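This report refers to the structure that appears directly beneath it.
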Amino acid sequence: MADLKTQFEQAAQDVKTLTERPDNETLLRLYALYKQGSEGDVNGPKPGFFDFVGTAKYEAWAKLKGTPREEAMQKYIDLVKKLTA
């Protein structure tokens with residue numbers, strides 16, 4: 001678990017150095033996997049109707065509800081590796 005957490009934290013740093021900005025769908029996937037891996041299931045109230053970005057992020061994260069944190073961490077690491085390759 002410690003090794004996975006280290007890789008996860010490194011991936012979070014690596015994603016900041018991407019030369020090209022990923023498309024919105026990929027950005028939402030990265031966000032949701034990161035939040036699920038770092039915090040677990042979505043919590044708190046859903047953002048208001050006119051907060052389009054907040055709502056999209058919330059819904060992307062909510063789709064991962066029930067996904068184990070370790071699995072989300074691994075999927076995040078794999079996605080970042082794919083983007084940085």
Side-chain angles (χ1 to χ4, degrees):
M1 175 67 181
D3 186 46
L4 181 65
K5 188 161 176 56
T6 302
Q7 289 179 39
F8 180 71
E9 290 168 357
Q10 183 59 51
Q13 293 302 315
D14 293 345
V15 81
K16 295 176 185 175
T17 64
L18 292 176
T19 54
E20 276 188 45
R21 185 180 190 273
D23 61 80
N24 288 341
E25 187 177 324
T26 303
L27 287 172
L28 282 173
R29 183 88 177 132
L30 284 166
Y31 174 83
L33 287 169
Y34 180 81
K35 294 295 274 186
Q36 187 71 19
S38 61
E39 296 182 29
D41 287 344
V42 69
N43 53 33
K46 185 175 179 177
F49 179 75
F50 292 107
D51 182 358
F52 301 114
V53 173
T55 298
K57 287 179 168 183
Y58 184 94
E59 288 175 352
W61 184 11
K63 286 180 185 175
L64 297 177
K65 188 171 185 172
T67 303
R69 288 175 74 165
E70 294 78 15
E71 182 181 331
M73 285 180 170
Q74 189 60 58
K75 286 182 178 181
Y76 180 82
I77 292 164
D78 294 343
L79 181 54
V80 172
K81 282 182 182 175
K82 182 178 164 188
L83 293 171
T84 57

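Just so you know, these numbers come straight off a predicted model, no measurement behind them. Count residues from 1 along the sequence.
Using modelled atom types, one side-chain atom of T55 and one backbone atom of G48 make a donor-acceptor pair closer than 3.5 Å.
Qualifying ring pair (Phe, Tyr, Trp, His ring centres under 6.0 Å) partners for Y58, counting only residues two or more places apart in sequence or in other chains: none. Take D78 and apply the side-chain hydrogen bond (donor to acceptor under 3.5 Å, both in side chains) test, not counting sequence neighbours, and it matches Q74.
Grouping the Ile, Leu, Val, Met, Phe, Trp and Tyr side chains by contacts below 4.5 angstrom, directly or via other members, places L33 with L83. Criterion: ILVMFWY side-chain heavy atoms under 4.5 Å apart, direct or through other members. Under it, L79 and I77 are part of a common hydrophobic cluster. Linking ILVMFWY residues whenever their side-chain heavy atoms come closer than 4.5 Å, directly or via other members, places V15 and L64 in the same cluster.
Note that the CG atom of L18 and the CG atom of L30 stand 7.5 Å from one another [nearest 0.5 Å]. To the nearest 0.5 angstrom, T6 atom OG1 is 9.5 Å from M73 atom CE. Taking CG of D3 as the start and CD of Q7 as the end, the distance is 4.5 Å to the nearest 0.5 Å. To the nearest 0.5 Å, the span separating CG on L4 from CD on E71 amounts to 11.0 Å.
Between G37 and A72, the closest heavy-atom pair is N-CB, 3.7 Å.
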**Message:** Quick one, N24 with L27, criterion side chain to side chain contact (heavy atoms under 4.5 Å, CB included). Give me CA distance, side-chain angles, the key distance, then yes/no.
**Reply:** CA-CA 5 Å; N24 288 341; L27 287 172; 4.0 Å; yes
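The only member of Q36, K35, K65 that meets side-chain hydrogen bond (donor to acceptor under 3.5 Å, both in side chains) when paired with D41 is Q36.
A salt bridge is absent between K63 and E59; no separation between the charged side-chain nitrogens and carboxylate oxygens falls under 4.0 Å.
Classified by interplanar angle (parallel below 30°, tilted 30° to 60°, perpendicular above 60°), the ring pair F8/Y34 is parallel.
The salt bridge (charged side-chain N to carboxylate O under 4.0 Å, His left out) contacts involving residues 11-34 comprise nothing, where partners must be two or more places apart or lie in separate chains.
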